[in-house]
2 protein chains.
Amino acid sequence: MADTTLRDIADELNVDISTVSKALNDHPKISDTTKLRVTKAAKELNYHQNKIAAALVKGASNLIGVMVPQTDEMFFSSIIRGIEEVVKNSGYNIIILQSNDQIEDEIENINILFQTKVDGILVSHAMETQQFDHYRQIIDRDIPFIFVDRYNTSLDTGVVAIDDFKGAYKAVSHLIDQGCRRIAHIAGRKHVHIYKERFRGYKQALQDHDLSFRDDMVVESNLKLEAGRTIARKFLKMDPRPDALFAAGDRVAMGAIQELKKQNISIPSEMALVGFSNEDFCSFVTPTLTSIDQHSRKMGQKSAKLLVEQLSNDENKKISQKTLLNPELIIRESSLQSQSGENNETF
Amino acid sequence: MADTTLRDIADELNVDISTVSKALNDHPKISDTTKLRVTKAAKELNYHQNKIAAALVKGASNLIGVMVPQTDEMFFSSIIRGIEEVVKNSGYNIIILQSNDQIEDEIENINILFQTKVDGILVSHAMETQQFDHYRQIIDRDIPFIFVDRYNTSLDTGVVAIDDFKGAYKAVSHLIDQGCRRIAHIAGRKHVHIYKERFRGYKQALQDHDLSFRDDMVVESNLKLEAGRTIARKFLKMDPRPDALFAAGDRVAMGAIQELKKQNISIPSEMALVGFSNEDFCSFVTPTLTSIDQHSRKMGQKSAKLLVEQLSNDENKKISQKTLLNPELIIRESSLQSQSGENNETF
DNA sequence: TTGAAAGCGTTACCAA
DNA sequence: TTGGTAACGCTTTCAA
């Protein structure tokens, strides 16, 4: 059954097709009576606007491209949720692309976005991306474009992320407050800006509390679970060994917990632990894991809002604004020296 | 900077626009030399096909609509991942819509999908949907359409899900094997087909092992964490109390674990536990949680494959096939009476 | 207030 | 093998 078109409605009502179009779009110069007749007929014929045709003539697809490394990482899926919520209410839809954390896929995806003629783009870039020329094309084409979370400073685009420096700073300061003095850091890849920031926050917190920074107390990793196990083993062999671990991710922290438990190291008294991201499971594990909440859903919402705003801006004035959300330290058992069971305060 | 069009390439090369189109589409009747010239010019001018225009004339958008309750639930985000992988390799893209488990959003989303002229639709329906007329429109319009996981039997569509009956049966049989005799069930909403199936599997397993079924051993719930706590409290008050809990979801099982631990009930010796979905955190909690793996990513892949297949089928022969994947019991500490630490076998 | 017609960028058919 | 042209369904400008 072929879809109803404007033509069908026009024929039905013996008016011109352009009249129908205008009536449906609530054009001011169409009489209320015709508007009524048209909307009625449209409903009867079960008409749905063909957005493809409209997009072609208007030069705007009402599509927003969203690219993340993978949809099935809690952090990204919740960003996506936030984006979808906002975007839909503004009449846009999102098309989702995954980079699988690989630059080749990223490049290919960007081409797809060009073909799809998306009106705007939201990206969290691949872990292994160190060279951002393919993103430059987006800017050259004047497509509104905002980085979410993982961003690159060399490009003049909008950015929505959390203040990773501050998050790390809060985490480490908290550990120091709890009496920890030899705090090690499980870092992410140092070419990724956000991980660099977390590392910087770690160092700064140490310095501000007159603790010395030591190179051998920092290990770079891919932040996966298995890495946490290995790295924990490594730290346990040190003498004196660290009395706390600040991990740049929850999964890698989880791996460390597993290893510590296996070796019967008590958490937090022998070694305290703070993760980063505040994934669901932080409150499920034993001991529950202190972490930094990144407000991922809000991050998605904010980036989408900014983008939509930019899109509705007549004078295509580029918003190359950087928005850093405030990270939140969620204190749980893994770092609380003064034990008090089900603690769960927020700072 | 306006995008390059076929016209630009044609002008550049002094050939007709239709020649360019054919050359780019590798049409057999175009000489290799012109193909070469055209592709070269296209690259130089940085041409990207306008899929919107192509979609309009071809009557196919190359878009596949995906609707899930929420993207930020592990299970759905991993379905989405699977879908995206398959679909991209077939030249399609996905647009994502969330129903927020509400029927109003569902109806609105379906209208959006009509407007976007998606070529096919993949849906996991909202928890609260009990009336499926809005889905019937999709069928009436001959849009290929497959249910993923949450499906309805009254509609003649394709279905990809796991065999929930079998999953529940495996879970309960396993508990019985472990010596449990009073097995309670935390069920999902009984109007949702998959939860009905899990309930059926539970009953059947009891019956096949000569255990009697009791109404008061089953509680229906929304499967959220908090519900798990409440329901566990309720079961703990029974006399004699259950020696095992089979939950239709991991989160609700998690809530139960929390309550049991709080009341110092030892797991699994005093009460064994099996969840459903095998979420990440199952292997993180203490004790690790036995669960049923649903192969969600594979589910996404399978449904996408089926849909794409159907789309490329010239004679629009509808695939109203039902594919049930085999659920996998992942045995962990929460149900293993013979304790052996880090057990993690697969059946 | 309504109608006619051009045009968005492609594809596909028929003619050359 | 290539060119011309209609058509996809809609919006928009100008004329009536």
Asker: So what does Ile17(B) touch, heavy atoms closer than 4.0 Å: a base, only the sugar-phosphate, or nothing?
Answerer: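 Base contact.
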
Asker: Whole-Å distance between dT11(C) P and Asn25(B) CG?
Answerer: 5 Å

Asker: Give the rounded distance in Å between these two atoms: CG of Asn62(B) and C1' of dC8(D).
Answerer: 15 Å

Asker: Using side chain to side chain contact (heavy atoms under 4.5 Å, CB included) as the criterion, point out the one residue from Ile64(B), Leu63(B), Val66(B) that pairs with Val87(B).
Answerer: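 Of the listed options, the one satisfying the test is Ile64(B).
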
Asker: Rounded to whole Å, please give me the gap between CG in Asp11(B) and P in dG4(D).
Answerer: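 Distance, rounded to whole Å: 12 Å.
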
Asker: Starting at atom CG of Leu6(B), determine the distance to atom C1' of dT2(D), rounded to an integer number of angstrom.
Answerer: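 In whole Å, dT2(D) C1' lies 15 Å from Leu6(B) CG.
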
Asker: Determine the interplanar angle of the Phe132(A) and His125(A) rings, folded into 0 to 90°, and report it as parallel if under 30°, tilted if 30 to 60°, perpendicular if over 60°.
Answerer: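 Phe132(A) vs His125(A) ring planes: perpendicular.
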
Asker: Take atom NE2 of His27(B) and atom P of dT10(C), then tell me their distance rounded to the nearest Å.
Answerer: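 Roughly 18 Å, once rounded to whole Å.
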
Asker: On DNA chain C, does the nearest nucleotide to Thr19(B) precede the nearest nucleotide to Ile52(B) from the 5' side, or the other way round? Give the residue.
Answerer: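 This one resolves to Ile52(B).
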
Asker: Specify the separation, in whole Å, of atom NZ of Lys22(B) and atom P of dG9(C).
Answerer: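 Between P of dG9(C) and NZ of Lys22(B): 20 Å.
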
Asker: If you go through the side-chain atoms of Lys51(A), does one of them form a donor-acceptor pair with the base of dG9(D) closer than 3.5 Å?
Answerer: no

Asker: At their closest point, which heavy atom of Ala10(A) faces which heavy atom of Asp16(A), and how far apart are they?
Answerer: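 Closest approach of Ala10(A) to Asp16(A): CB-C, 4.0 Å.
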
Asker: Taking only the side-chain heavy atoms of Val15(A) (C-beta and beyond), determine which of dG9(D), dT10(C), dG3(C) contains the nearest atom.
Answerer: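 The nucleotide sitting nearest to the side chain is dG3(C).
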
Asker: Counting just side-chain N and O atoms, does Ser21(A) come under 4.0 Å of either OP1 or OP2 of dT11(D)?
Answerer: yes

Asker: Please report the distance, rounded to the nearest Å, between CG in Asp16(A) and P in dT13(D).
Answerer: 16 Å

Asker: Choosing from dT11(C), dA4(C), dT10(C), which nucleotide comes nearest the side chain of Tyr47(B)?
Answerer: dT10(C)

Asker: For Arg7(A) and dA6(D), give me the distance from atom CZ to atom P, rounded to whole Å.
Answerer: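 So the two atoms are 17 Å apart, to the nearest Å.
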
Asker: For Ser18(B) and dG4(D), is the shortest distance between a side-chain N/O and OP1 or OP2 below 4.0 Å?
Answerer: no

